[in-house]
2 protein chains.
Amino acid sequence: MVTIKQVSEKAGVSSATVSRVINNTGTVKEKTRERVMTAMAELGYRHNVVAASLASNKTHTIGYVVPELHGSFFGAMMGGTEQALRQAKKHMLIATGHSDAQIEKEQIDALLSRRCDALILHVEAVSDEYLVSLVHQGVELVVVNRFIEEIGDNCISLDNVKGGYLASRHLLDIGHTKIAYIAGSLFKADGKNRLTGHQQALADMGVEYTDNLTYEGNFQAKSGTEGIRALVARGAKFTAVACANDEMASGAMIALRELGRRVPEDVSVIGFDNVDFASYLSPGLTTIDYPVQKIGSMAAHWVLERVYGHTRHEYQHILSPRLILRGTTSSPE
Amino acid sequence: MVTIKQVSEKAGVSSATVSRVINNTGTVKEKTRERVMTAMAELGYRHNVVAASLASNKTHTIGYVVPELHGSFFGAMMGGTEQALRQAKKHMLIATGHSDAQIEKEQIDALLSRRCDALILHVEAVSDEYLVSLVHQGVELVVVNRFIEEIGDNCISLDNVKGGYLASRHLLDIGHTKIAYIAGSLFKADGKNRLTGHQQALADMGVEYTDNLTYEGNFQAKSGTEGIRALVARGAKFTAVACANDEMASGAMIALRELGRRVPEDVSVIGFDNVDFASYLSPGLTTIDYPVQKIGSMAAHWVLERVYGHTRHEYQHILSPRLILRGTTSSPE
DNA sequence: TGATTTTATGAAAGCGTTTACATAATTGTG
DNA sequence: CACAATTATGTAAACGCTTTCATAAAATCA
């Protein structure tokens with residue numbers, strides 16, 4: 001590996017000067033710059049970012065923890081982040097937490113050991129206090145899809161309660177009163193909040209909530225299918241089903257078809273997230289838009305501003321979901 | 001930040017010893033190890049991987065270039081990789097190449113500057129020669145979804161020709177002869193190869209290939225929709241349509257429905273990749289399975305073995321696709 | 001027990017940069 | 001043109017580890 005030293009010798013300057021041209025810092029005469037550039041090209045020099053990071057105490061790397069890599073959701077989110085970071089020449093070190101507190105902590109720890117300049121965390125199992133304590137230790141982090149009052153400034157989240165409300169409110173508005181709910185994992189904040197929204201909508205419209213119409217799934221398509229089967233098996237009567245995400249909604253649609261129930265004629269279905277394939281289904285899935293890419297990019301801008309001193313960007317710390325009307329909902333007979 | 005030095009003083013040992021207990025190298029007496037561990041705990045020591053990387057010339061980091069982050073495909077692939085790497089305590093530095101040769105090169109360069117121990121590349125625009133030259137320079141890399149004879153050992157790919165063949169052969173086998181083809185971007189190797197497979201299947205079965213039945217899309221859902229419209233507009237007659245991926249297949253299904261053509265009764269549809277949502281569609285999409293997660297994990301194992309000396313794993317450098325029969329194909333009337 | 005292995009530890013030289021700080025070269029001013 | 005101000009460059013000390021080599025301590029052996 002050729003070093004800055006060798007370049008400096010070849011160019012007849014000191015290594016400090018070479019460093020200056022590499023980083024575009026300080027002042028260097030045009031002619032000198034050219035000599036250095038030529039020397040670098042001729043020697044095939046490649047900057048050693050590891051050494052630079054050690055010396056400068058900046059890695060230009062953002063640690064990113066997401067629960068999983070597969071599926072449509074996190075890719076879209078990371079895509080939003082990446083787009084913003086790439087222009088700033090920052091990179092992302094990616095780790096998965098698998099919704100397990102132990103693993104999440106280990107991964108956060110590993111990313112900090114690697115001296116990431118900041119962390120973007122989509123973690124679900126670790127406690128609020130733990131995240132708060134990290135912030136108090138001076139770790140630069142933004143928590144995504146989760147709102148923690150005490151460090152609200154570090155959070156970017158969607159109003160899941162409102163989303164849940166919007167979904168069920170839509171069903172109520174078009175005339176449904178017997179609405180089943182397939183929830184996400186209730187130990188996760190978003191799973192719980194979306195259900196809360198559903199309950200609020202029912203309450204607002206004077207419809208009684210009953211556990212008998214609710215099934216706790218796990219955000220996976222299969223649990224949507226199982227949810228419908230379980231609901232029907234327990235004799236629940238419903239003309240609509242709200243699901244805590246699109247995967248479960250598509251699973252539910254499959255089960256409904258198996259049972260000979262048409263969507264939306266017999267049963268309306270609404271999802272949540274508006275992942276890319278929601279519009280591929282037929283009928284297209286009515287759902288709640290989760291501006292996931294936007295959230296990803298806001299997280300990036302937060303970091304760019306806070307950690308790297310880029311100019312101010314506009315934030316909302318709590319984004320609003322909105323209803324996306326497609327073909328899976330209609331008024332009951 | 002507390003350093004190894006401070007730990008060593010507190011524990012009354014040298015920093016070399018502290019390094020030994022951190023890395024589990026050399027020999028250190030149990031009692032000493034404990035003293036060091038205690039000191040680390042009390043001081044809240046956090047290992048500085050950047051410094052360690054500089055000194056040891058290993059970053060334990062794999063650079064990963066994919067075209068995009070959104071969609072179901074690359075997440076699944078990276079998920080396969082991550083799972084294997086996590087156990088080995090390696091991390092992934094992720095970059096996107098956007099199918100642009102310039103960007104792909106820049107990203108590869110950036111990852112090398114960060115001294116990644118190895119690269120996993122899903123690149124589409126950069127030339128074979130460029131990748132070959134990297135390998136000859138001694139860069140440890142595995143190329144995914146692309147086969148380059150000269151560095152075949154570094155490649156893990158799917159036999160796309162065979163996949164294309166399998167898809168169209170299935171349609172032919174069940175009696176179709178008028179088969180439209182919605183291709184992926186033909187400047188990409190997989191787009192081209194899948195089309196080649198289609199053509200071979202036709203030839204094998206004595207059906208003439210005609211450009212009039214082929215539309216070049218871009219692997220996105222919308223281009224599937226446009227493909228059907230264009231085909232119909234140019235008066236093409238077909239009873240089946242093979243698509244170069246599942247996104248375009250779902251786009252095609254949408255267009256077919258708009259035109260009042262039932263799937264599969266009037267037109268059979270087959271996709272490619274078997275991404276997660278293929279089974280959510282209704283009818284479920286018949287497609288070709290791309291064992292993408294497996295490929296991701298094979299890439300990881302290649303690296304673990306080659307770069308980190310882990311024990312030998314079984315490879316196939318060219319994997320075989322297989323047909324997944326679901327509900328979108330049936331014999332023509 | 002003294003000699004010989006073996007095991008445990010320390011000293012110190014890197015690893016390839018960045019970045020004060022100091023100094024040299026250049027430009028500007030009256 | 002002398003002197004001040006400005007611009008350009010160099011020197012050398014970090015940055016926090018790993019790792020070789022030497023040496024000290026402990027264990028083994030005859």
Side-chain angles (χ1 to χ4, degrees), chain A residues 1-40 43-61 89 109-110 112-117 308-309, chain B residues 1-40 43-61 89 109-117 308:
Chain A
M1 281 285 90
V2 12
T3 71
I4 228 180
K5 192 80 200 310
Q6 300 172 44
V7 172
S8 74
E9 277 158 13
K10 175 136 195 167
V13 298
S14 75
S15 54
T17 299
V18 177
S19 174
R20 287 187 190 101
V21 351
I22 291 172
N23 297 296
N24 246 305
T25 57
T27 65
V28 22
K29 208 155 65 179
E30 185 53 27
K31 240 184 57 185
T32 317
R33 170 187 313 281
E34 276 162 19
R35 278 218 311 286
V36 171
M37 300 285 258
T38 312
M40 292 201 297
L43 294 173
Y45 173 76
R46 172 165 279 146
H47 191 46
N48 186 328
V49 175
V50 173
S53 294
L54 177 59
S56 68
N57 201 29
K58 278 253 164 294
T59 56
H60 301 282
T61 301
K89 296 200 180 288
D109 227 64
L112 291 175
S113 281
R114 279 159 190 265
R115 293 300 188 265
C116 290
D117 294 334
Y308 300 112
Chain B
M1 279 287 89
V2 14
T3 71
I4 226 179
K5 190 82 199 311
Q6 301 172 45
V7 173
S8 75
E9 278 158 11
K10 177 136 193 166
V13 298
S14 74
S15 55
T17 298
V18 177
S19 173
R20 288 188 190 101
V21 351
I22 291 172
N23 297 295
N24 246 304
T25 57
T27 66
V28 21
K29 210 154 65 180
E30 185 51 30
K31 238 184 58 188
T32 316
R33 168 187 315 280
E34 275 163 18
R35 277 217 315 285
V36 171
M37 300 284 258
T38 312
M40 294 201 298
L43 293 174
Y45 173 75
R46 171 165 281 147
H47 191 46
N48 186 328
V49 174
V50 173
S53 294
L54 177 59
S56 68
N57 201 31
K58 278 252 165 294
T59 56
H60 302 283
T61 300
K89 298 201 178 287
D109 228 62
L111 294 175
L112 290 176
S113 281
R114 279 158 190 267
R115 294 299 189 267
C116 289
D117 295 333
Y308 300 110

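Heavy-atom basis, side chains included; hydrogens, waters and symmetry copies ignored. Lettering follows sequence order; numbering is per chain, from 1. On a predicted model such as this, the values are computed, not experimentally measured, just so you know.
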Sub-4.0 Å heavy-atom contacts from residues 15-28 of chain B onto DNA chain D, ordered by number: B/A16, B/S19, B/R20, B/N23
Any B/S56 side-chain N or O less than 4.0 Å from OP1/OP2 of D/dT19: no
Sugar-phosphate, base or nothing in reach of A/T32, heavy atoms under 4.0 Å: sugar-phosphate
Sugar-phosphate only, base, or nothing, as touched by A/V13 at under 4.0 Å among non-hydrogen atoms: sugar-phosphate
Length of the line joining [X]:[atom1] and [N]:[atom2], which is rounded to integer Å:
| X | N | atom1 | atom2 | value |
| --- | --- | --- | --- | --- |
| B/M40 | D/dG16 | CE | C1' | 15 Å |
| B/N48 | D/dA14 | CG | C1' | 14 Å |
| B/K29 | D/dA24 | NZ | P | 16 Å |
| A/L112 | D/dG16 | CG | C1' | 17 Å |
| A/R33 | D/dT7 | CZ | P | 15 Å |
| B/I4 | D/dC17 | CD1 | P | 5 Å |
| B/M1 | D/dA14 | CE | C1' | 17 Å |
| B/K5 | D/dG16 | NZ | P | 12 Å |

Could you tell me if the side chain of [Y] sits less than 4.5 Å from the side chain of [X], heavy atoms only?
| X | Y | result |
| --- | --- | --- |
| A/T61 | A/R114 | no |
| B/V13 | B/R35 | yes |
| B/V50 | B/S53 | no |
| B/N57 | A/M1 | no |
| A/N48 | B/R115 | yes |
| B/Y45 | B/V18 | no |
| A/I4 | A/I22 | yes |

Residue pairs passing the salt bridge (Lys or Arg N to Asp or Glu O under 4.0 Å) test where at least one lies in [range], sequence neighbours excluded:
| range | value |
| --- | --- |
| residues 2-28 of chain B | B/K5-B/E9, B/K10-B/E42 |
| residues 43-55 of chain B | A/D109-B/R46 |
| residues 21-30 of chain B | B/E30-B/R33 |

Distance, nearest 0.5 Å, that separates CG of B/L54 from OG1 of B/T59: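 Rounded to the nearest 0.5 Å, the CG-OG1 separation comes out at 11.5 Å.
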First and last nucleotide of DNA chain C, 5' to 3', lying under 4.0 Å from heavy atoms of chain A: C/dG16 to C/dA20
Five-pair end axes of the helix from C/dT1-D/dA30 to C/dG30-D/dC1 and the angle they enclose, rounded to 10°: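 Result, rounded to 10 degrees: 30°.
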